[in-house]
Amino acid sequence: MSARLALRLLRLGGRPAWTSAGLVAAGVAMATALLCVALGALHGLDERQSRTAWRDPAPAASPAEAVAQLRTRTDAVAGRPVTEVNIVAPRAGAAPPPGLSRMPAPGEVWMSPALTAPAATLPPGDLADRYPGPVTGVLGDAGLRDPDELVAVVGRPAGDPVLTAPGTSPAVAVAAFDRPSGADTDAAIQAEIYRQLTIVAAALVLFPAAGLIGASARLSAARRGERLATLRLLGASTSRITVVAVAEVTVAAAAGALAGIALEWLAAPALATIPLAGGGWFAADVRPSFPTLLAVLGGITLLATASAIGGLRRVVISPLGVVRRRDPQFVRGLRLLGPVAAVVVFGIANAYRQASPIAAAGPVFAIGVLALFGAVSVIGPLVVRGVGSVMARRARSPHRLLAGRRLLDDPKGAFRPLAGLTLAVFVAGFLAPLTSALSAVEPGRTDVVTIPVPAAAAEAVAGRVRAELGPSGVVTVDAEPEESAQAVPVRDGFVALTVAAPVAEHDRVRTVLDRAVPGTLALTPAESAQDVTVLGEDLGRGALVVLVATFLLAATAAGTTAAARVLDHRHVLYLQRLTGTPLSVLDRARRAETLAPLLANGAIALALGLLCASPFALAGAALQARGLVVFGGLLAAGTLIVLGATAASRPLLASVTAPGRERAR
């Protein structure tokens, strides 16, 4: 009965009621979609690891148990990395790796779909001649990281030189391909690093998303509070008031959450093109699992419901005060303890992170990040009250006096349109020093292809290579090469053979060197350090994605809450207009009550963001070129968001303050 009453009130509430419900749904939809993007990244990393773990299997307990020797390395073609999986002395009839229908025999080559194209179109001397035989099969999706990954699975005979060639990856005796190695291998450590970084990125998005959901649930709280208070004065019980209040918000929030899930689901193919860890994704990877989506739907609906219930306290205790609009909002000075407690929590979390295993470092640091995030939200209304007090005391114009009084009357409500932008400033303060530090990392050389060769055979090999390459490459042999000129560390008994050639000739040079020294890969120093380069690029790209996500949340929050404040305060605005206050003064007052608190809260958020980044980069790095670009973009985007949100709600302000509108309410 109460739920039907709530829906009836919504249906008969006219345009303001439907506008409020629409704003709630829009805010929740945007927050849900971005939250699903963050969860989809974690889901995608899990799916990737489950499909590629066979390339890094656990060693066999005994030689008799082994079905093959396996060595996985990274080659290159046309400037792209190629994962080469060598299966040496495969046992016939053994279970094949995922993506293969059978175990490859010696001399057979299976390729991923993306690698078959260059293998068919490039001259044999650029790629195909590196392998012992023709392509006999195509690797299926079950064994690929992503659809565009370049992979070659090569069957080789026992004793093949690939087992003993210099390199950074070991050869492993494999008992089965469904037994992944432990967490101590390079591949497992790299996967865990990406997982931890993604958790931190998800935490950076989670708090603004939760804030937007809470703010959306409280949209037009004054209108709803007045209506519920009226029902309370007419004799409605507390339980009925609660059900009426919750039903409207729950329906709107659930609809918004479903819309957000659908939006992320439809955007998955586009999201799958964003590279991470060296490649894109299958679209299904970046869609969270069904149980996760159910948890998101339930959690967001509960959060919105709890936020709506939180606004009922004044209605239950003092319904007459709500109806008369004589219940001012207080912000207590105890909120000052919030930042202090957050800094202490962050310090403890950071210290524990340094002593924690890598699997726990990300979640532990995320707790510290969330603590500082919370501090920004806790201190915000208090800062608004302080700014309002200063503006009211020192006002030299009507609009500044109006703005100051409104900030003092409702500091919590005035902070809601700013909360998203304030958190976005925090995120930018956290990421700007990191992006500047990453831009300072120098990539390796790209002008030479190097290969380690036995010292005793070096000159003979160099002579054959010179004869085959002709004038297109300059071949040198160096017993003690500089580290910047090494693709693989040169061990005792080996020297570095280096070929300087145009980039367009690198693939042919690689193939010539592969034939001259069987089993050994020829790479440029930049290609051999590609994991570090890719990690740096991913961090920069991830920072940009997080910044865009937080600003989308901020823009949505600023727009919806600015409109909701007009609806909430339309009675006061109408009376001010009725007494002769020009609409332009009311509009300027709205801008003043937004920009001044935003600057004050933004400065605090920036300081806390720099503190959050301090374990990884100095705050001064934010003043370097890339950091200044981030800050400049932030300043421009934040100002435009605020001005845009204020301007977008001006027609609504003119409508609700027009003569005769109050009687029609």
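Values below: all heavy atoms of this structure, side chains included; hydrogens, waters and symmetry mates excluded. All residue numbers in this chain count up from 1 along the given sequence.
- Of the possible polar contacts, none joining the Arg130 side chain to the Asp75 backbone as a donor-acceptor pair under 3.5 Å is found.
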Show the atom names and distances, to 0.1 Å, of all donor-acceptor pairs under 3.5 Å that link a side chain in residues 278-286 to residues at least two apart or in another chain.
from	atom 1	to	atom 2	distance (Å)
Trp281	NE1	Ile274	O	2.9
Asp285	OD1	Arg51	NH1	3.1
Asp285	OD2	Arg51	NH1	3.4
Asp285	OD2	Arg51	NH2	2.7

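- By the side chain to side chain contact (heavy atoms under 4.5 Å, CB included) test, Thr292 pairs with Leu39, Pro288, Ser289, Val296, sequence neighbours left out.
- Across all their heavy atoms, Ala173 and Ala66 have their closest contact at CB-CB, 4.0 Å.
- The main-chain N or O of Asp507 is found under 3.5 Å from a side-chain atom of Thr511 such that the two form a donor-acceptor pair.
- Closest heavy-atom contact between Pro81 and Thr74: CB-CG2, 3.9 Å.
- For the pair Pro104/Val154, no side-chain contact is recorded, criterion being any heavy-atom separation below 4.5 Å from C-beta on.
- Within the 4.5 Å cutoff, the side chain of Pro147 has no heavy atoms near those of the Asp141 side chain.
- Side-chain contact between Val77 and Asp126 is absent, with no heavy-atom pair separated by less than 4.5 Å.
- Among residues two or more places apart in sequence or in another chain, the side chain to side chain contact (heavy atoms under 4.5 Å, CB included) test is passed with Pro157 by Pro106, Asp160.
- Here the CZ atom belonging to Arg71 is positioned 8.0 Å from the OG1 atom belonging to Thr164, to the nearest 0.5 angstrom.
- A donor-acceptor contact shorter than 3.5 Å is absent between the side chain of Glu527 and the backbone of Leu523.
- Of all heavy-atom pairs between Leu263 and Ala33, the closest is CD2-CB, 3.9 Å.
- A 4.5 Å side-chain heavy-atom check between Val153 and Ile87 finds at least one atom pair inside the cut-off.
- Expressed to the nearest 0.5 Å, how far CD1 of Ile300 lies from OG1 of Thr32 amounts to 3.0 Å.
- Annotation: side chain to side chain donor-acceptor pair (under 3.5 Å) contacts of Gln69 (sequence neighbours excluded): none.
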Show your reasoning for whether side-chain contact (heavy atoms from CB on, under 4.5 Å) applies to Leu45 and Leu276.
-> CA-CA 9 Å; Leu45 290 174; Leu276 188 70; 4.3 Å; yes
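- To the nearest 0.5 Å, the span separating CG on Leu35 from CE on Met30 amounts to 13.0 Å.
- When the shell of 6.0 Å around CD of Gln49 is examined, it contains 12 or fewer heavy atoms from other residues, nucleotides or ligands.
- Of all heavy-atom pairs between Val28 and Gly256, the closest is CG1-C, 3.9 Å.
- Looking only at distances, a side-chain donor or acceptor of Ser169 sits under 3.5 Å from a matching main-chain atom of Thr72.
- Two residues are said to be in side-chain contact when any heavy atoms from C-beta on lie closer than 4.5 Å; Phe177 and Leu70 meet this criterion.
- For residues 80-99, the set of pairs meeting the side-chain hydrogen bond (donor to acceptor under 3.5 Å, both in side chains) definition, not counting sequence neighbours, comprises Arg73-Glu84, Glu84-Asn86, Asn86-Arg156.
- Taking CD of Glu47 as the reference point, atom OG1 of Thr52 lies at 11.0 Å (rounded to 0.5 Å).
- Closest approach of Asp538 and Tyr194 over heavy atoms only: OD2-OH, 2.5 Å.
- Atom OG1 of Thr136 sits about 8.5 Å away from atom CG of Leu100, to the nearest 0.5 Å.
- Nearest heavy-atom pair, Leu297 versus Ala257, reported as atom, atom and distance to 0.1 Å: CD1-CB, 3.5 Å.
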Acceptor/donor pairs from residues 107-125 side chains to any protein atom, 3.5 angstrom cut, sequence neighbours excluded:
from	atom 1	to	atom 2	distance (Å)
Glu108	OE1	Arg102	NH1	2.8
Glu108	OE1	Ala105	N	2.9
Glu108	OE2	Arg102	NH1	3.4
Glu108	OE2	Arg102	NH2	3.0
Ser112	OG	Glu149	O	2.7
Ser112	OG	Val151	N	3.0
Thr116	OG1	Pro113	O	2.7
Thr121	OG1	Ala117	O	2.9

Step by step, work out the side-chain contact (heavy atoms from CB on, under 4.5 Å) result for Trp54 and Val85.
-> CA-CA 10 Å; Trp54 63 275; Val85 184; 3.8 Å; yes
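- Taken to the nearest 0.5 Å, the OG1 atom of Thr520 stands 8.0 Å off from the CG atom of Asp514.
- No side-chain heavy atom of Trp265 sits under 4.5 Å from any side-chain heavy atom of Cys36.
- Contact annotation: the side chain of Glu264 approaches that of Leu271 to within less than 4.5 Å [non-hydrogen atoms, C-beta and beyond].
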